[in-house]
Number of protein chains: 2
Amino acid sequence: MIAYSLLLKKFKILLKDNALKFTKQRELILKFLYENSGHHTPEEIYILLKKSYPDITIGIATVYRTLTLLEESDIVSSISFGVQGKKYEIGLKKHHDHLICTSCGKIIEFFDETIERQQEKIAKTFNFKMTGHTMKIVGICEACQKNKHQQTEEKL
Amino acid sequence: MIAYSLLLKKFKILLKDNALKFTKQRELILKFLYENSGHHTPEEIYILLKKSYPDITIGIATVYRTLTLLEESDIVSSISFGVQGKKYEIGLKKHHDHLICTSCGKIIEFFDETIERQQEKIAKTFNFKMTGHTMKIVGICEACQKNKHQQTEEKL
DNA sequence: CTGACTGCAAAATCTTTGCAAAGAC
DNA sequence: GTCTTTGCAAAGATTTTGCAGTCAG
């Protein structure tokens with residue numbers, strides 16, 4: 001995993017190259033995602049930042065704007081949950097796909113060489129210039145299969 | 001492909017089994033999806049039904065409610081576009097995945113045995129009880145690669 | 001200084017809900 | 001008749017936008 005200082009440098013260069021400014025808010029959002037690996041909603045990030053740094057102000061709009069910027073710059077990636085919005089995670093890790101438990105909402109990451117290769121083949125078959133892909137396997141995780149009584153109470 | 005009369009029968013049985021009622025609105029939505037293969041937004045369905053059948057009334061809420069019902073019953077399936085909502089298609093075809101063009105929005109369906117098998121393997125590895133999966137490959141379709149000037153005007 | 005960034009509140013999207021009237025069985 | 005379904009409009013949820021003040025460079 002890349003060190004935070006390097007990531008920060010990369011981010012600053014990116015901002016400079018696009019005539020954008022380095023602000024406390026942007027840094028905090030980046031730092032939050034770096035320190036809290038996993039998937040986070042914009043609101044989650046907003047609430048937790050407000051709590052962690054009561055001395056600085058931040059608005060939900062800034063969180064959305066920054067996440068969009070970070071995503072366009074390939075620093076974070078997002079995973080969509082239909083109407084329930086998106087979750088963001090730092091995207092410096094190796095590419096991976098997701099297993100999602102519909103009972104508890106847990107997200108497990110995996111990487112599979114066979115699938116990666118096959119996707120490229122398929123894109124080629126359709127003369128598609130592939131720019132990305134997402135794959136989600138949904139189901140019930142091991143823990144939830146054991147706690148059967150919980151499965152009906154919640155729904156993702 | 002299943003005949004419409006059979007599909008309708010299946011739908012009626014499903015309604016009866018759940019003490020639900022067969023209404024003109026529900027039938028029209030099912031029929032629309034049957035006759036218009038491909039992916040449709042709830043609003044699209046609503047607008048087109050109103051236009052096609054000026055003598056019956058239908059509300060957008062009913063479209064949403066019916067689509068939810070049809071999806072839960074595995075008669076239609078949906079594909080999510082993040083904040084931009086969902087699109088629905090009749091789900092009687094063989095399972096398939098999607099290639100999505102980010103330039104023109106075109107959706108191409110494909111089925112790949114290797115990927116299907118590999119997904120089952122992955123689920124097994126994590127002791128996941130797989131209930132479904134979605135895979136989207138995004139990129140630029142063949143036609144849009146040729147019409148490069150159009151690519152920057154639109155965005156999915 | 002200048003132009004980008006921010007928070008706020010308002011607007012925009014997409015979807016769901018409450019309710020009284022209408023309809024299925 | 002009874003209980004579900006419907007359309008409507010209002011409410012929700014999530015995200016975006018307009019704007020005036022603030023801040024980075």
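Chain letters run A, B, ... following the sequence lines, proteins first and then strands; every chain starts at 1.
For A/Leu14, the side chain to side chain contact (heavy atoms under 4.5 Å, CB included) test picks out A/Asn18, A/Ser73, A/Ile75, with sequence neighbours left out. Residues passing the salt bridge (Lys or Arg N to Asp or Glu O under 4.0 Å) test with A/Glu43: none are found, sequence neighbours excluded. Among residues two or more places apart in sequence or in another chain, the salt bridge (Lys or Arg N to Asp or Glu O under 4.0 Å) test is passed with A/Glu71 by A/Lys86.
Rounded to whole angstrom, the span from the CG atom of A/Asn18 across to the C1' atom of C/dC5 amounts to 15 Å. One interatomic measurement links the two molecules: NZ of A/Lys12 to P of C/dC5, which rounds to 15 Å at whole-angstrom precision. The separation between A/Leu67 atom CG and C/dT6 atom P is 12 Å, rounded to whole Å. To the nearest angstrom, C1' of C/dA21 lies 17 Å from CD1 of B/Ile58. Atom CG of B/Leu28 and atom C1' of D/dT5 are 14 Å apart (whole Å). Here C/dC5 presents its C1' atom at 15 Å from CD of A/Glu27, a figure rounded to the nearest Å. Taking atom CG on A/Leu15 and atom P on C/dA4, their separation rounds to 13 Å, with Å as the unit. Atom pair A/Leu69:CG and C/dC5:P shows a separation of 8 Å (rounding to whole Å applied).
Residue pairs meeting the salt bridge (Lys or Arg N to Asp or Glu O under 4.0 Å) criterion with at least one member in residues 133-145 of chain B, sequence neighbours excluded: B/Glu142-B/Lys146.
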For this session: Mark up nucleotides 12-25 of chain D, 5' to 3', with B wherever a protein heavy atom is under 4.0 angstrom from a base atom, S wherever such an atom reaches only the sugar-phosphate, and - elsewhere.
Result: --SBBBB-----BS
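Grouped with B/Met130 in one hydrophobic cluster are A/Leu99, A/Ile108, A/Phe110, A/Ile115, A/Ile122, A/Phe126, A/Phe128, A/Met130, A/Met135, A/Ile137, B/Leu99, B/Ile108, B/Phe110, B/Ile115, B/Ile122, B/Phe126, B/Phe128, B/Met135, B/Ile137, the linkage being side-chain heavy-atom contacts under 4.5 Å among Ile, Leu, Val, Met, Phe, Trp and Tyr residues.
Along DNA chain C, the nucleotide closest to A/Ile56 and the one closest to B/Tyr88 are compared, and the more 5′ of them pairs with A/Ile56.
With values rounded to the nearest 0.5 angstrom, A/Ser52 atom OG is found 8.0 Å from A/Asn36 atom CG.
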